[in-house]
*Asks:* 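Before I ask anything, here is the structure I am working with.
A quick note: this is a predicted structure, and the numbers were derived from the prediction, not measured. No hydrogens, no waters, no symmetry mates; every other heavy atom, side chains included, goes into these values.
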Amino acid sequence: MKQQRTESRRAEREQLSQMRDGALMAITTNPDLYARFLVLQADNIGLSTGNIALSLSQMKDPTKIGTTDFWHKQGRYVMDEEMSKGATVFVPPRNTNFRGYLMGSYYDVSQTTGRPLKETEPLAEGSDRMNAAFAALLDTAPVGFIENTGLDVPVRYNERECILEINTEYSTGQVFAALATEISFARLHDRGMNRDYDRGAFQLNAESVGFMVCRRFGVDCPLPDAAGVQQFYNYYTPDERSKSLDLMRQTARNMGDTVERGIQPRQQEHTASRGSNNRQYGRR
């Protein structure tokens, strides 16, 4: 009997893995679905790409999602009538001695009730939080930067010189949004160590990271043009697609976490001052 249960659970996990792979294939084939995925991932940056894909394929219009434990920590509870309507996903076991993942459920905020969710305050132009956020974001750059008011865009990664060029004639919000994307280009270029680097080929990746960072802090940033998503991922296996998407998520999360730390009240004065100096003088 125990062996039968074990085999049954193994078969269920395998079926869920196949569902996840199919969802990832669909996301990296359909531009509209990719855009929906990107928004959901940005709003749930701590959740794995695979579970976001599974949620998107099983829920009608998910927004903020999580396990029952997650919602309990937010002071919210899944409504009784919704308990059987969650999206089946992979979750870590509570027993740390158990290896691998188990199957669990995610629920959308619309399926819960309780304390109102705490909304992140958008970064406002000219505020100390915006200046501190800008400085913190700049600290995530793998290369130096200079001021160039002759640019026709707020920021541009110069791959020949391996440097970020910033046009300070634009607003801080515009520079922040462009910087999040251009830092991604710089990371992908890896100071020329990435022999496969091509700005056009990596544009979707870089713009996707930039979008997720900006959305986290309420900074205006358009969704990337995903028209070429199928071509980009054409020769990728489902596992490679998952790793590529999750690398974008991790990059956006790490950049966002740095910004988050920078705008904490105790850090604002220091980082905002540094950001002002950075924009005025630049560094190489």
*Asks:* Main chain of Leu47, side chain of Asn44: is a donor-acceptor contact present, judged purely on distance under 3.5 Å?
*Replies:* no

*Asks:* Please answer: with hydrophobic residues joined when any side-chain heavy atoms are less than 4.5 Å apart, are Val219 and Leu164 in the same cluster?
*Replies:* yes

*Asks:* Report the C-alpha distance between Leu138 and Leu179 in whole Å, list the side-chain angles of each, state the deciding distance to 0.1 Å, and finish with yes or no for side chain to side chain contact (heavy atoms under 4.5 Å, CB included).
*Replies:* CA-CA 8 Å; Leu138 203 52; Leu179 185 62; 3.6 Å; yes

*Asks:* Quiz question: by atom type and distance under 3.5 Å, do the side chains of Tyr34 and Thr29 form a donor-acceptor pair?
*Replies:* no

*Asks:* I'd like to know if the side chain of Asn51 pairs up with that of Tyr106 as donor and acceptor (distance under 3.5 Å, no hydrogens or angles considered).
*Replies:* yes

*Asks:* Could you walk me through whether Arg199 and Glu182 pass salt bridge (Lys or Arg N to Asp or Glu O under 4.0 Å), step by step?
*Replies:* CA-CA 10 Å; Arg199 185 179 175 92; Glu182 296 301 316; 2.8 Å; yes

*Asks:* Can you find a side-chain donor-acceptor pair between Ser171 and Gln174 that sits under 3.5 Å?
*Replies:* yes

*Asks:* So, the side chain of Arg20 versus the backbone of Thr49: is there a donor-acceptor pair under 3.5 Å, distance only?
*Replies:* no

*Asks:* Could you check whether any side-chain N or O of Asp190 sits under 3.5 Å from a backbone N or O of Gly192, counting only pairs where one atom can act as donor and the other as acceptor?
*Replies:* no

*Asks:* Give a yes or no answer on whether the side chain of Glu260 reaches the backbone of Gly256 with a donor-acceptor pair at less than 3.5 Å.
*Replies:* no

*Asks:* Decide if atom CD of Gln15 counts as having more than 12 heavy atoms of other residues, nucleotides or ligands within a radius under 6.0 Å.
*Replies:* no

*Asks:* Do the side chain of Trp71 and the main chain of Tyr107 share a donor and acceptor less than 3.5 angstrom apart?
*Replies:* yes

*Asks:* Does anything in residues 54-65 form a salt bridge (Lys or Arg N to Asp or Glu O under 4.0 Å)? List the pairs, not counting sequence neighbours.
*Replies:* none

*Asks:* Got a donor-acceptor contact below 3.5 angstrom from the Asp108 side chain to the Thr63 backbone?
*Replies:* yes

*Asks:* According to a hydrophobic-cluster definition based on side-chain heavy atoms being under 4.5 Å apart (Ile, Leu, Val, Met, Phe, Trp, Tyr only), do Leu16 and Met25 belong together?
*Replies:* no

*Asks:* Which distance, rounded to the nearest 0.5 Å, do you find between the CE of Met212 and the CG of Leu38?
*Replies:* 5.0 Å

*Asks:* Quick one: pull up CZ in Arg216 and CE in Met255 and give me the separation to the nearest 0.5 Å.
*Replies:* 11.0 Å

*Asks:* side-chain hydrogen bond (donor to acceptor under 3.5 Å, both in side chains) for Thr168 and Glu147? Distances and angles first, verdict last.
*Replies:* CA-CA 7 Å; Thr168 54; Glu147 182 179 344; 2.7 Å; yes

*Asks:* For the residue pair Asn254 / Thr140, report whether a side-chain donor-acceptor contact shorter than 3.5 Å exists.
*Replies:* no

*Asks:* Between Arg187 and Ser184, is any side-chain donor less than 3.5 angstrom from a side-chain acceptor?
*Replies:* no

*Asks:* Would Asp246 and Arg241 pass as an ion pair if we require N to O under 4.0 Å?
*Replies:* no

*Asks:* In the structure I gave you, are the side-chain heavy atoms of Leu24 and Pro238 within less than 4.5 Å of one another anywhere?
*Replies:* no

*Asks:* At their closest point, which heavy atom of Phe211 faces which heavy atom of Pro224, and how far apart are they?
*Replies:* CB-CD, 4.2 Å

*Asks:* Enumerate donor-acceptor pairs with a distance under 3.5 Å from any side-chain N or O in residues 80-93 to protein atoms, sequence neighbours excluded.
*Replies:*
| residue | atom | partner | partner atom | Å |
| --- | --- | --- | --- | --- |
| Glu82 | OE1 | Gln111 | NE2 | 3.0 |

*Asks:* Look only at the side chain of Arg156 and the backbone of Glu165, and say whether a donor-acceptor pair between them is shorter than 3.5 Å.
*Replies:* no

*Asks:* So do the side chains of Leu204 and Val229 get within less than 4.5 Å of each other, counting heavy atoms only?
*Replies:* yes

*Asks:* Is it possible for you to say whether Tyr77 and Phe70 belong to one hydrophobic cluster, with membership spreading through side-chain heavy-atom contacts below 4.5 Å?
*Replies:* no

*Asks:* Is any NZ, NE, NH1 or NH2 atom of the basic residue among Asp239 and Lys243 found under 4.0 Å from an Asp or Glu carboxylate oxygen of the other?
*Replies:* yes

*Asks:* Do Asn194 side-chain atoms and Leu188 backbone N/O form a donor-acceptor pair below 3.5 Å?
*Replies:* yes

*Asks:* More than 12 heavy atoms of other residues, nucleotides or ligands under 6.0 Å from CG of Asp220: is that the case?
*Replies:* no

*Asks:* Atom CD of residue position Glu240 - does it have more than 12 heavy atoms of other residues, nucleotides or ligands inside 6.0 Å?
*Replies:* yes

*Asks:* Answer with yes or no whether the hydrophobic clustering places Leu245 together with Leu223; edges join I, L, V, M, F, W, Y residues whose side-chain heavy atoms lie under 4.5 Å apart.
*Replies:* yes

*Asks:* Is it true that Leu56 and Met103 fall in one hydrophobic cluster, defined by side-chain heavy atoms closer than 4.5 Å?
*Replies:* yes

